[in-house]
Amino acid sequence: MKSLKLIKSLIILFCLLFLSQSQGRSIDIDTDITDFGSGNISIKEMRRNMRRRMSGMRRNFRRQYRGHFTPREEYYIGRTISAWLLSKYEAYQDGERGESDLEIYINSIGRTLAMASNRPETFKGYRFIILDSESINAYAVPGGMIFITMGLLDKVENEDELAGVLAHEVAHIELGHPTRAIARARRQGMIDSIVGEDEDTEANAAFKALLKDVRKNVLRGFNRKQEKQADLRAVDILIKAGYSPHGLSKVLRRLKNGGGVHGNPRLRARDVDRKIAEKSHVPELNEKRTERFEDHFYEDDDADDYGDDDGGGGYFD
Amino acid sequence: MLNKVILIIMILLFTGLLSAGRSSVKYLYVTNTIARVHKKPTCYSPVVGLLKFAAPVQVLKSDKYWVYVLTPKKNKGYISKVSLIDGRTMKRQATDEDGDEFREGLKGFSEDDEITAGAKGFSEEDEITAGTKGFSEEDEVTAGTKGFSKLEAHQKQLHRNYRYDLVDIYEKKGAVLNPHTRFKDFRKSGELGEYK
C-alpha cells in the first residue's frame, strides 16, 4: 500500500514535469507533491487536484517574475517622472536649443562613469540633464535619466567632485533604487496602467497614486541604507573610471549645512573615506581634468552673466 | 522487490526527461533599444557590433556582469548582462496586454539590424566605422519602440501638463550610438577609463 502511494506520487511528478516541459517553461516545483498520494482517490480526483496544483504554480510563477520591472517598463515609469520634473523645474537650457558645452561636458563625465558601472546601458541609455534650480539636489530617475540642479553644481570645485556626485546617482540606477521601493504587490497594477492602452480610469487612478511612491523616492531621496549603498558603490565606479573618490567625500563634507542632502553628510563622508582606505590603489586628482573643469565653470567672459563674486562658481548665483 | 525495480525505472525516466528538457544551447534577447557588442568584457573596449532590440544571441559563456555571445551574423563578443533578457521573460512580454507591440518588435528584427565592425577581425578602424553602416544615433531612440506610439500618446493624454515633449528632445539630442568612440578623446585627455 505504501509503495503504491509512492508510485502514484512519482507518476504525478512525472506528469507535472511533462506538462511543464510541453509548455516550454521551467517551473520551480516547490509544492509538496507527496500529498497527492494520500488516501484512496480516483483518477478523476487526481486529475482535478493536479490541474489545481498546476494553475497554482503557474499563478505563483507569474507573480514571481512579474515582481520585477523589465528595462522597458522602468523606462516608461522614468519617462513620466522625467516629464513631471521638467514641468516642475525649468531645465538649464531649453532643450530645443541644442546641447550647450556644459551639457556636453556633464554628459561626457556621466557616460564615462556609467561605462564603469555594472549597468552601463539602460533601455534608451543614460541622459544627464541640468535643472535651473538653486536647491541642492540631484535626482536619479528609473530608466537612466539623471537630473542635477545648478545649486548642487555650484558646490563642486573640480571635475572629480562633480564625478563623485554623478557616480552616486549612477549607483542608484545600477542598484535599482528608484523602483525598488515600490511595494511588490503594487507593481503589477503599475505596469498594467503604464502599458495599458485603454481608458481604464481605475488603472489610471492607480497609476497616479503609485507614481507618488516613485516621485517621493526620487525627490526626497532614498532611505539612509540606500544612500550609503550608493555612496559606497560610487567609490568603486569612480576608481574604475579613473577619478579620485576623495572628490565625493569632499562634496559631502561641504554639503553639511545644505538642506537637500539625505542622511547626515558628515557621517556619509566618513563611510566613504573608510571605504577608500580599504582600497589598495586610488587614483589621484588630475590637473588636466581640473583645468577643463575650470574652462567650463570659470569662464571670465561669462562671469557677469552667470556668476557671483564670492568665488562660488561661474555659472551660478 | 518489484516495487524497488519500478521505483528505479521511474527515477531513471524522470532524470532522463529532466536532462532532455534542458536545451544545450541557450539564447538571450536584447532588451534595450541598442546593445553594444564589445571586444572585451568592459565598456572601455572597442565596440565590434551593435544589435537592435529583440535580437537573439547565443550564449557561449557568461560571468556575473558580461555574456560572451554569438550574434545572428555569427560574430562573437561581449554584451553587458543588463542588456539581455531570457526567453521566458520575452514570452511573458509577448503574451501581456502589450503583446502586439512587443511582437512587432520581434518581427521587426532581421540580420540586417546587426552591424558588425569586426567581422574580419577586430581593428580600431572597424571600431570607428561602427555606427555608420546602417545604424544611426536615431536608432538609439527609435529602435525597439516601433509600435509604442499608442502607448506614448496614452501617457501624454493621462498627464497633459507633463513635459513629455522635453523628454523627447533630451532623448534625441543626448543619443549616443557608440559611447566608447564618442567619449574616447574625453577619456584620453582626462586620463580616464582605459587611459587611467
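So that the names make sense, note that chain A is the first sequence line, chain B the second, and so on, each numbered from 1.
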Which bit of A:E159 is near chain B, if near means a heavy-atom gap under 4.5 Å: side chain, backbone, both or neither?
side chain
Non-hydrogen atoms of chain B under 4.5 Å away: do they reach the side chain of A:I104, the backbone, both or neither?
neither
Quick one: does [X]'s side chain get under 4.5 Å of [Y]'s, heavy atoms only?
X      : Y      : value
B:V82  : A:P71  : no
B:Y162 : A:K88  : no
B:E171 : A:M145 : yes

Would you please name every residue forming a side-chain hydrogen bond (donor to acceptor under 3.5 Å, both in side chains) with B:E194, sequence neighbours left out?
B:H180, B:R187
In chain order, what residues pass the side-chain hydrogen bond (donor to acceptor under 3.5 Å, both in side chains) check against A:N107, with sequence neighbours excluded?
none
A:E121 and B:S83 side chains, donor-acceptor separation under 3.5 Å:
yes
Any idea which of A:P283, A:S82, A:S108 has the most non-hydrogen atom pairs under 4.5 angstrom with chain B?
A:S108
Checking A:R292 side chain against B:F186 main chain: does a donor-acceptor pair fall under 3.5 Å?
yes
Is a side-chain N or O of A:Y75 found less than 3.5 angstrom from the main chain of B:N32, in a donor-acceptor match?
no
Test ring-ring contact (aromatic ring centres under 6.0 Å, His included) applied to B:F183 - qualifying residues, sequence neighbours left out
none
Close approach to chain A in residues 61-70 of chain B, criterion heavy atom under 4.5 Å:
B:Y65
I'd like to know if A:R289 and B:E191 make a salt bridge, using a cut-off of under 4.0 Å between side-chain N and carboxylate O.
no
Most contact-rich option vs chain A, by heavy-atom pairs under 4.5 angstrom, among B:T42, B:V30, B:N161, B:V167, is B:V167
